[in-house]
Amino acid sequence: MLTNTTILGQIVVNGLNLSAVYILVALGFTLLFGIMRVVNFAHGEFAMLGGFAFYYLYAVLHVPWLLAVVLGAVAVAGPSLILEWLVFRWFYHKMFQSMIGLLGLSLVMTYTSLLVWDVFERNVPSAFDSILRFQGVIIPMDRLVTIGVSLAALGAFYFLMVHTKIGLAMRAAAQDVEIALTQGIDAHKIYRWSFFVAVFLAALAGALYGQIYAVSPFMGERPLFVAFIVVILGGMGSIPGAALGGIILGFTESLLGTLYGGSVASYASFGIVILLLIFRPWGLLGTRE
Amino acid sequence: MTVKTLDSTGVAISGASPKPNRATIVAVLLAAALLAWPFVANERFVFHIAINVCLAAIAAASLHLIIRTGHVSLCHAAFIGIGAYTSAYVVMQLGLPFIAGLALGTFAAALLALLIGPVILRLTGKYFVLITFLFGEIVRMVFVDWQAVTGGANGITDIPAPAPIFAEPRNFYWLTLLAAALCIGFCGRLLQSELGRTIDSIREDEQLAECSGVPVIRIKVMIFVIACALAGFVGSLQAHYTHYISPQAYSPIESLNYVIMNVIGGMNTLVGPLIGALFLVLTPEFLRGYVQVQQILFGLILIIVMAFLPGGIADLRSALRTLLGPKRRDAGR
Amino acid sequence: MRSMRTALVLAAVAVLGFGPAAAQDVIKIGAIGSLSGGGTAWGLAIKRGAEIALDEVNAAGGVKVGDKTYKVELVMYDDQYTGQGGKNAAERLVHQDKVKYIIGPIGSGPVVSTIAVSTPEKVLVLSNGYTPTILRNEFKAAYNFRFTLTNLEYAPNMMKWVKENLKLKKVGILVPNDAIGQSVAPALIKLYKESGIDVVADFYERGSKEFSPLITRMMAAGIDGFDINFNAPGEAGLMVKQARQIGFDKVIFQMGGPSVPEIIEVAGKQAEGFISYEMYDFDAPAAQPLVKAYRAKYGAGIINSQTPAFYNATKVLIEAMRRAGTIDDTTKLRDTIEKIEGYDAGVYGPLKWTGKEIYGVDHQVKLPFFIVEVKDGKAVSRATLTMD
């Protein structure tokens with residue numbers, strides 16, 4: 001019997017869960033734009049690689065769950081630095097060129113993965129099969145864990161940005177690269193660090209996404225689409241904005257979807273974002289330009 | 001005397017051509033070739049490709065107008081779709097002739113552009129890109145959901161050719177060639193006129209233009225309406241060629257294709273989108289044989305072109321010169 | 001002016017770039033399918049089914065047509081799962097490569113566009129595609145056949161089975177807002193209502209992976225059964241998984257698809273008890289040669305249920321060439337295919353045609369279909385049904 005509490009509770013849990021993954025993806029995306037002014041159309045593909053790395057570590061090699069998630073993200077972010085050197089660095093501070101060039105990269109990554117791994121979706125066996133029942137609200141354990149890991153990642157990211165020297169340098173570069181350079185900051189080092197962190201977050205999100213949904217070469221499309229919208233909502237280049245945007249989008253989708261169905265949720269989400277762009281284009285927490 | 005305006009990277013910005021005779025000769029030869037080759041190479045498939053190139057060229061050129069005002073639109077395909085669906089509806093449901101479909105399709109797109117232009121053109125840069133993306137997505141969703149009028153996700157089939165004579169691809173090619181000449185010629189004239197120079201001044205420094213008395217928003221809206229009208233025009237033409245339209249062809253992803261044509265071809269001159277259209281229609285056909293790796297190769301090409309030719313293919317010469325190092329010094333720049 | 005010259009050069013290169021391929025004693029068989037984008041799983045099914053069939057033919061030395069023996073080769077192009085892509089691929093195959101027969105595509109959009117190009121040139125098309133206009137059209141389907149069942153064929157009898165065995169009062173269905181969903185859902189809803197079952201329906205945009213809110217909504221409406229009908233395999237698997245995870249404990253079944261192996265893979269333990277329409281029984285003895293050939297060539301992954309249908313189509317085409325003694329006279333080939341009843345390509349048993357009542361021509365293949373239930377991670381056959 002579904003009571004109103006159950007439904008409301010479901011909405012909240014689904015909302016939190018959606019938000020958590022969305023935020024992780026959006027963070028990396030906005031970091032790359034904020035510091036290097038690139039629009040990373042291949043961001044979803046890094047999430048996809050994270051999903052596959054996690055799949056192989058956990059489902060095939062039976063590495064313990066949390067280790068698999070983190071190690072998988074590192075395993076993707078590390079080697080991706082080669083891509084940074086090969087592809088990304090040609091596009092720093094060139095927004096339109098980056099859009100098209102990285103779109104090309106996303107094609108290369110997606111269809112190479114298709115060749116390597118075939119098209120069908122892989123399931124990652126649930127590490128946490130149990131289902132919590134609490135006051136009539138049903139919470140699948142793996143979603144709870146997702147929320148937990150996302151929060152931990154967000155916390156670590158926050159710590160990095162606010163309490164470390166490299167984080168300070170990154171924020172300086174985001175504000176004004178040229179002045180940061182005159183202050184003696186090594187731009188390339190910052191770029192590489194930012195790239196590593198951004199891809200790490202995306203790959204982490206991909207692992208969690210893959211756990212809840214499934215892993216396949218095409219799985220990166222949805223996270224990218226979502227990252228776009230979240231970043232619009234929150235403001236391009238704003239990190240708290242990405243967090244806020246993720247929460248709003250996640251809850252809107254959950255609330256409207258449950259109460260009014262799929263169509264309404266889609267139109268309403270877009271409508272809200274359009275209105276926001278018209279009246280407050282720098283997003284909720286972006287900086288007015 | 002050669003008068004050419006060059007920007008800091010040596011790219012020609014819509015300069016007036018100095019030697020009319022040579023240009024005219026080239027143009028006449030080109031026109032003759034474009035008109036005459038169907039008699040020599042009577043290959044239906046080549047006509048198909050040529051028609052696609054012409055249609056893409058019109059679409060890319062009309063988008064170019066918007067880009068010259070400093071705005072990159074990701075809803076251009078949506079306006080093409082509006083032209084297509086309007087035309088199909090007018091011809092099939094209302095029984096009017098193709099010319100009415102063409103006119104009403106153009107008009108419908110222009111009207112919608114007029115309605116949303118003043119609102120969205122207040123945004124610039126990435127915000128404009130984002131809002132046009134969302135708008136394009138909403139239009140696509142309307143195409144999918146309004147099943148009674150648009151046929152929904154299944155689209156509209158059996159759209160008739162403009163006239164029985166144009167059911168023959170070769171004849172349709174000449175029709176599209178004419179349309180392309182008219183539309184692109186119009187764009188070219190517009191860009192070379194006083195209005196064109198105003199547009200360039202807006203793109204280069206909007207605030208300065210405003211201070212100089214240019215009615216910036218009004219001009220932007222006007223250009224936007226013209227460009228979207230052309231999009232509606234080509235949409236109608238295209239619908240009566242492919243005989244089948246569906247919402248998928250008018251999504252923001254498709255809009256992205258027209259942006260790619262402009263960026264890859266070159267955003268600074270009108271020839272850029274034309275080269276881009278040629279490139280984007282032909283490259284997949286060249287790659288078709290490589291079934292498994294078609295998309296991978298295409299992606300690699302995009303990366304390489306963008307990395308080494310940031311000004312687009314139209315910029316090839318000056319990019320090569322920069323790469324190989326200056327052999328002569330340009331006196332007096 | 002410089003860029004004009006570049007444009008001219010490019011154009012010249014372009015015009016010179018196309019040349020028809022020569023064919024000596026090799027029959028080129030065209031194919032169209034989605035090799036990129038959302039329909040890739042199906043496009044690969046066409047490619048692989050056809051390739052396995054052609055490998056068999058070549059391994060046996062080729063096909064003997066008249067007094068010549070030919071090897072066979074597949075020329076497949078991507079349609080990107082759109083009508084425009086289908087048209088482009090068909091134009092190239094028919095007018096540039098000059099093929100006489102095309103295997104595929106899948107998807108109403110691509111198939112309709114392909115037929116519009118192929119039929120005037122009398123090119124045979126052996127396809128899939130759900131919309132009735134594939135067989136009931138202005139051409140009277142003169143040169144195309146359909147090699148899979150659509151809901152018009154299997155739904156009536158399956159609905160009878162569902163009504164008798166699942167005893168539902170109110171069913172929930174989630175449908176993608178795409179071509180298949182929009183064209184087939186109304187018919188399905190009508191069928192449910194005619195069978196006395198109430199329907200709670202909702203549409204979602206393709207691309208979404210999170211169905212919990214929508215399923216919650218249905219549960220609130222009091223459904224006692226969840227039909228995941230026309231969803232793509234990945235989404236179908238997620239729907240089963242998520243429904244179970246948020247506590248839906250009534251029957252989940254699929255009146256379409258089918259996607260049973262994918263659902264077992266994605267939903268894991270939560271797939272237990274799932275009931276589905278199935279096109280093909282991969283565990284049957286008759287299926288083993290095909291499965292073996294697939295595994296040898298493409299690895300251990302999931303075999304999409306469309307694969308046998310296109311293996312079948314390719315074998316039928318080759319057999320028709322042999323019987324008709326021609327590879328060029330497509331009208332004769334078409335007539336031969338129409339009369340090929342009883343031929344067994346090894347995957348479906350003897351071939352039968354049907355469809356005159358609904359479409360006006362007997363170009364719809366008649367196949368048995370199955371109802372399977374997932375028990376202990378495997379699909380177990382519960383019933384074999386036929387069309388009337």
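From a predicted model like this one, the values you see are computed outputs, not experimental measurements.
In this structure, the side chains of B/Glu254 and C/Gln84 stay at 4.5 Å or more apart for every pair of heavy atoms. Side-chain contact between B/His48 and C/Lys87 is present, with at least one heavy-atom pair separated by less than 4.5 Å. The side-chain heavy atoms of B/Glu43 and C/Gln96, taken from C-beta on, include a pair separated by under 4.5 Å. Between B/Gln294 and C/Asp78 the shortest side-chain heavy-atom distance falls below 4.5 Å. Contact of the C/Gln182 side chain with the B/Val144 side chain is registered, since non-hydrogen atoms from C-beta on lie closer than 4.5 Å.
C/Lys190 NZ: 12 or fewer foreign heavy atoms inside a 6.0 Å radius.
Only the side chain of C/Ser36 comes within less than 4.5 Å of a heavy atom of chain B; its backbone N, CA, C and O stay farther away. Interface remark: C/Thr82 contributes backbone and side-chain atoms alike to the contact with chain B (heavy atom separation under 4.5 Å). Only the side chain of B/Thr157 comes within less than 4.5 Å of a heavy atom in chain C; its backbone stays farther off. Neither the backbone nor the side chain of B/Phe47 comes within contact range of chain C; no heavy atoms are under 4.5 Å apart. Residue C/Asn137: no heavy atom, backbone or side chain, is found under 4.5 Å from chain B.
Judged purely by atom type and a 3.5 angstrom limit, B/Arg288 has no side-chain atom pairing as donor or acceptor with the backbone of C/Tyr77.
C/Glu91 contributes atom CD, which lies 10.0 Å from atom CD of B/Glu285 (distance to the nearest 0.5 angstrom). The CZ atom of C/Arg92 sits 7.5 Å away from the CD1 atom of B/Ile49 when rounded to the nearest 0.5 Å.
Counting heavy-atom pairs under 4.5 Å between each of C/Val112, C/Asp178, C/Asn88 and chain B puts C/Asn88 at the top. Note: B/Asn154 leads B/Leu274, B/Asp145, B/Asn154 in heavy-atom pairs under 4.5 Å with chain C.
Closest heavy-atom contact between B/Tyr244 and C/Gly83: CE2-CA, 3.5 Å.
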